[in-house]
Amino acid sequence: MTLRRKKKIGELLCEKSYLEQSNLEIALAEQAEKAVDHRRLGEILIDFGYVTQAQLSEALALQVGIDRVSLLDISISGDIVALVPAELVSKYNVLPLKLESRSIIDNSINGDGEVLAIAMTDPFQPQVIEDLRFVTGYPIRRYFADPKELENAILKFYGSNVARMLDNLTPEEAHAEAEEMADSDLTASKLAEMAREPSLINLVNLIILEAIDCKASDIHIEPFEHEVKIKYRLDGLLQERSPSSKRLRAAITSRIKIMANMNIAERFVPQDGHIEFTGKKGRVDIRVSTVPTVYGESIVMRLLDKTASLLELEELGMDPISLEGFGLLLKKNHGIILVCGPTGCGKTTTLYAAMQRIYSPTMKMITIEDPVEYQLDGINQMPVNPKRGLTFATGLRHILRHDPDIVMVGEVRDGETANIAIRAALTGHLVFSTIHTNDAPGAVTRLIDMGVEPFLLASSLEGVLAQRLVRKICPKCKEEYQPDESMLNMLAIADPNMKFYHGKGCNDCNKTGYSGRKGIFELLRINSKIRDLITQKAPAEVIGKAGSDDHISMMDSGMKMVAKGQTTPEEVLRVAKSINEDD
């Protein structure tokens, strides 16, 4: 009988296409050169970035005969789920699958009877195996599972960590009592006492951590008659998580307001606050806003990840023609440049990228923002503070006394700020700002509506960049498809051979077919013809048609992404269709 040769770990990684042969040889040479350190090959491969921990674990499992299990569309009985507590599932990232006969060959298990099959992403943790054996009373048989598949399966059979904690905090027998409790019956001292409960503190922290982990931009906590809905905004759309009982409504609200230094006794007027939260990867700043509703206070928390790296202009997704035109604007010595679009469309990210592009130690650059989202090296950044009288308008007046070369105003919200910014641009400063309008030409008419004199605007405005964020097709489930006839008619596609793609939905994208977002842009550079039209108070439609050769509408920008197979026509229509167009 011929013994079968045990494959080496590098060989297995190459067979799985996780590792290039050339990179394997580099790692082996490193291992041989520093043999005195006794470093394992797997450690070197991970340190060099050639493979991931999950890929290495899978290859090691294969090497020692641990089978891989697919968790797609898997069914697990309730009796099996009940064997392993949710706390252990969450702590060790494991999932019970089924009871198996010991007759299945496994060198690690001897004797007769049944064993519990467990899916794991790292099956080489003896203490985890021992803890599971002790808690369940069964010997454990290990299986390797894909990390994303395991994450989705745990969510399916155990619910999210937040959901499990909500169940523990609001057992069924407490629901009836909760319905009879009115928020108005709770005093400020009682609310503070509830908010200091360790379990409640952990719950709110867990909600924030879960939102950070899934890369949410906002957390929405909305009170209704019988429950509190918890939603995360992912890739621009809200996704509802497990709702909370009405019993926890006042406690959750009070805990968040205490964290944000708000007045917990005041429940009938809107409030704004700020939380500095430390996540797994670093500091996250959270802007908090509350508004009173019929059933309590609704809360929105905007997450600003301080550890996220700032993007370069080239990384925003701007069309090459628009990028070149925007670059020309950044070379101006004075004037005002605006970025417009709705909340959450990436305006500040674009302005930060522009500021980084033109930064020079020889220039004085000052910003006034609400709040300062990211710190920029070498640039003076001022946060507004309305409670102490520091608004955009008052701050801008003082900034101009500091002899700046470049000024960034976080947002033009009123006529006073607009007029100061315009006059600063006329007196030799380059001014950047944002404004809430649907498209680039609309920014012109919006400023005139605010009270800016048309002749001053015509003299100072250099360009307007409108933008939106569209969801990108998930690369893991991308496939070709044919949109329906009505969609094609709306798009007025000139190329009959154009191919369309969408995501059919998979575990990586939570069945949405989309993963991540990218910008689409409309750049309007102000030429002499447009300056005349501004002076004449021409409507936005007329101004838009007078744009330069590099003026590309947002719809055209989006369709270029569709042509490249980066997004779907439905997504472009969702975010870029003008409100003036007919349905």
Side-chain angles (χ1 to χ4, degrees), residues 13-20 23 46 49-59 68 70-74 121 144-156 212-217 232-239 281 305 308-309 311-320 323 344-346 349 467-483 487 491 493 495 497-521 557-576:
L13 287 165
C14 289
E15 284 184 3
K16 301 287 290 184
S17 298
Y18 293 155
L19 178 66
E20 297 288 339
N23 290 338
I46 290 177
Y50 293 155
V51 298
T52 65
Q53 182 62 57
Q55 291 169 340
L56 178 62
S57 296
E58 181 181 355
R68 175 171 178 154
S70 173
L71 301 180
L72 298 175
D73 303 320
I74 193 171
T121 56
F144 175 81
D146 176 80
K148 190 65 180 180
E149 289 183 14
L150 183 62
E151 178 186 339
N152 290 326
I154 290 173
L155 192 62
K156 176 180 177 182
I212 294 170
D213 286 345
C214 65
K215 296 182 173 61
S217 60
Y232 301 153
R233 188 176 292 281
L234 304 171
D235 289 338
L237 297 180
L238 286 176
Q239 292 187 14
K281 297 182 180 179
D305 187 358
S309 58
L311 298 178
E312 301 288 338
L313 274 178
E314 290 79 7
E315 298 176 289
L316 299 177
M318 206 177 296
D319 179 271
L323 182 61
C345 72
T349 300
Q467 67 181 72
R468 298 286 192 280
L469 292 175
V470 297
R471 294 179 295 170
K472 296 187 294 183
I473 298 171
C474 173
K476 298 291 181 66
C477 60
K478 181 179 177 180
E479 65 177 13
E480 190 175 342
Y481 87 117
Q482 185 62 26
M487 176 70 64
L491 295 171
I493 302 294
D495 182 6
N497 299 318
M498 184 173 176
K499 292 183 177 180
F500 298 92
Y501 298 89
H502 72 171
K504 64 180 179 181
C506 65
N507 287 327
D508 280 75
C509 62
N510 293 316
K511 305 296 182 183
T512 63
Y514 296 97
S515 178
R517 291 189 292 174
K518 192 174 183 180
I520 58 173
F521 301 86
S557 175
M559 288 311 299
K560 288 186 177 183
M561 281 186 64
V562 172
K564 293 177 182 177
Q566 296 175 335
T567 191
T568 63
E570 291 89 348
E571 180 68 5
V572 172
L573 284 173
R574 181 181 72 84
V575 301

Enquirer: Would you find a donor on one side and an acceptor on the other, under 3.5 Å apart, between the side chain of Gln55 and the backbone of Leu13?
Expert: no
Enquirer: So, does Gln467 use its side chain to make a donor-acceptor pair with the main chain of Cys345 at under 3.5 Å?
Expert: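 Such a contact is found between Gln467 side chain and Cys345 backbone.
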Enquirer: Mind listing the closest non-hydrogen atom pair of Ile520 and Ala576 along with its distance?
Expert: CD1-CB, 3.9 Å
Enquirer: To the nearest 0.5 Å, how far apart are CZ in Arg471 and CZ in Arg574?
Expert: 5.0 Å
Enquirer: Who are the side-chain contact (heavy atoms from CB on, under 4.5 Å) partners of Lys215, not counting sequence neighbours?
Expert: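 With neighbours one apart ignored, the set is empty.
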Enquirer: Indicate the atoms forming the closest heavy-atom contact of Asp146 with Lys148, along with that distance.
Expert: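 Taking every non-hydrogen atom into account, OD2-N, 3.1 Å.
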Enquirer: Does the side chain of Thr512 come within less than 4.5 Å of Cys474's, by heavy atoms?
Expert: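 No, every pair of side-chain atoms sits at 4.5 Å or beyond.
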Enquirer: From Met318 CE over to Phe521 CZ, what is the distance, rounded to the nearest 0.5 angstrom?
Expert: 4.5 Å
Enquirer: Quick one: pull up OG1 in Thr568 and NE2 in His502 and give me the separation to the nearest 0.5 Å.
Expert: 9.0 Å
Enquirer: Please work out which of the three classes, parallel, tilted or perpendicular, describes the rings of Phe500 and Tyr481, given edges at 30° and 60°.
Expert: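 The arrangement is perpendicular - the two ring planes meet at more than 60°.
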Enquirer: About how many Å separate CG of Leu237 and OH of Tyr514, when rounded to the nearest 0.5 Å?
Expert: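 Tyr514 OH to Leu237 CG: 9.0 Å, rounded to 0.5 Å.
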Enquirer: Would you compute the distance between atom NZ of Lys476 and atom NZ of Lys504 and round it to the nearest 0.5 angstrom?
Expert: 13.5 Å
Enquirer: Taking all non-hydrogen atoms of both residues into account, name the closest pair between Ala145 and Leu150 and its distance.
Expert: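 Looking at all heavy atoms of both residues, the closest pair is CB-CB, 4.4 Å.
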Enquirer: Should we count CD of Glu20 as having more than 12 external heavy atoms under 6.0 Å?
Expert: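 Atom CD in Glu20 is not crowded, with 12 or fewer foreign heavy atoms closer than 6.0 Å.
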Enquirer: CG/Asn152 to CG/Leu71 distance, rounded to the nearest 0.5 angstrom?
Expert: 9.5 Å
Enquirer: Quick check: closest heavy atoms across Cys477 and Gly513, and the distance to 0.1 Å?
Expert: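 Closest approach of Cys477 to Gly513: SG-CA, 4.2 Å.
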Enquirer: Donor-acceptor pair, distance only, cut-off 3.5 Å: does the side chain of Lys518 make one with the backbone of Met561?
Expert: no
Enquirer: Does Arg233 have any salt bridge (charged side-chain N to carboxylate O under 4.0 Å, His left out) partners at least two apart in sequence or in another chain, and if so, which?
Expert: Asp218
Enquirer: So, do Met498 and Val562 sit near enough that their side-chain heavy atoms are less than 4.5 Å apart?
Expert: yes
